[in-house]
Every structure is written in structure tokens, then in C-alpha cells.
*Asks:* 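Take a look at the following structure, please.
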Amino acid sequence: MPKRSAPLTKRDLDGLQRQAAADPTFNAKRADGGQHGLYVRVRQGRVEFWHRTRGRRRSETSIDRYGAITLHQARKAAGERRGPEGESP
């Protein structure tokens, strides 16, 4: 059984944002254990929220960048994208 990630915190995101600002070539992906399918992608000096769905068709969609929305708002948006039964629309 796969190991579940720990929920991301504001402190984690602020740290990633500092690393991205200091080194624009820094790239990373971090899954959020607080909301299934939500993860953070760091690239080109930006920290962005993404939602990944699985099923017959896998897809990844951008939610927004960190700073424009909060972690709580990103979790809410990812939950809405999963649908009422936790399925991808």
C-alpha cells in the first residue's frame, strides 16, 4: 500500500517559495496529504497548485499559483473538481 503524504502547511509553501525565488532553476513536486489529488509544482521561480485525476483518463489541471490563492482555497478547489462522491468529473 502506498505511503500517504503529510498535509502541506503554509510554512512548507513559504519555504518552497523562498527556494524558487533564490534559484529560478529549482524544480519540485510535493503532494498534499490534506486533499487527495492536490499537489504543488515549483518551476521557473513560481509555486503553483495542481490537481491530478486518475481513472480511465489521467489528467492534470492547474488551479492557480500560491500567493494568488491560499492553501485552504486550493484544497477547496481540488475537492470541488473531484465531485460529490470523490470522483473526477
*Asks:* Does any N or O in the side chain of D23 come within less than 3.5 Å of the main-chain N or O of A20, such that one atom is a donor and the other an acceptor?
*Replies:*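 Looks like no, no N/O pair under 3.5 Å.
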*Asks:* Should R81 and T53 be marked as a side chain to side chain contact (heavy atoms under 4.5 Å, CB included) after you check the CA-CA gap, both sets of side-chain angles, and the distance that decides it?
*Replies:* CA-CA 9 Å; R81 290 174 190 224; T53 57; 5.9 Å; no
*Asks:* Applying salt bridge (Lys or Arg N to Asp or Glu O under 4.0 Å) as the test, list every pair that has at least one member in residues 31-49; sequence neighbours left out.
*Replies:*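 Sorted pair list: D32-R75, R41-E60, R43-E48, R46-E48.
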*Asks:* Please confirm whether the backbone N or O of T70 pairs with a side-chain atom of Q73, one donor and one acceptor, at under 3.5 Å?
*Replies:*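 Checked: pair present.
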*Asks:* How many angstroms lie between OG in S5 and CD in Q35, if you round to the nearest 0.5 Å?
*Replies:*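 Answer for the OG-CD pair, S5 versus Q35, is 13.0 Å.
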*Asks:* Which hydrophobic side chains are connected to L8, either touching it within the sub-4.5 Å cutoff or through other members that do?
*Replies:*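 Reading the cluster by chain and number, L8 sits alongside L13, L16, F26, L38, V40, V42, V47, F49, I63, Y66, I69, L71.
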*Asks:* Could you check R52 against Y39 for side chain to side chain contact (heavy atoms under 4.5 Å, CB included), going step by step and ending with a plain yes or no?
*Replies:* CA-CA 8 Å; R52 178 182 307 152; Y39 69 99; 3.5 Å; yes
*Asks:* Between D14 and K10, does any NZ, NE, NH1 or NH2 come within less than 4.0 Å of an OD or OE carboxylate oxygen?
*Replies:*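 Between D14 and K10 there is a salt bridge, with a charged N closer than 4.0 Å to a carboxylate O.
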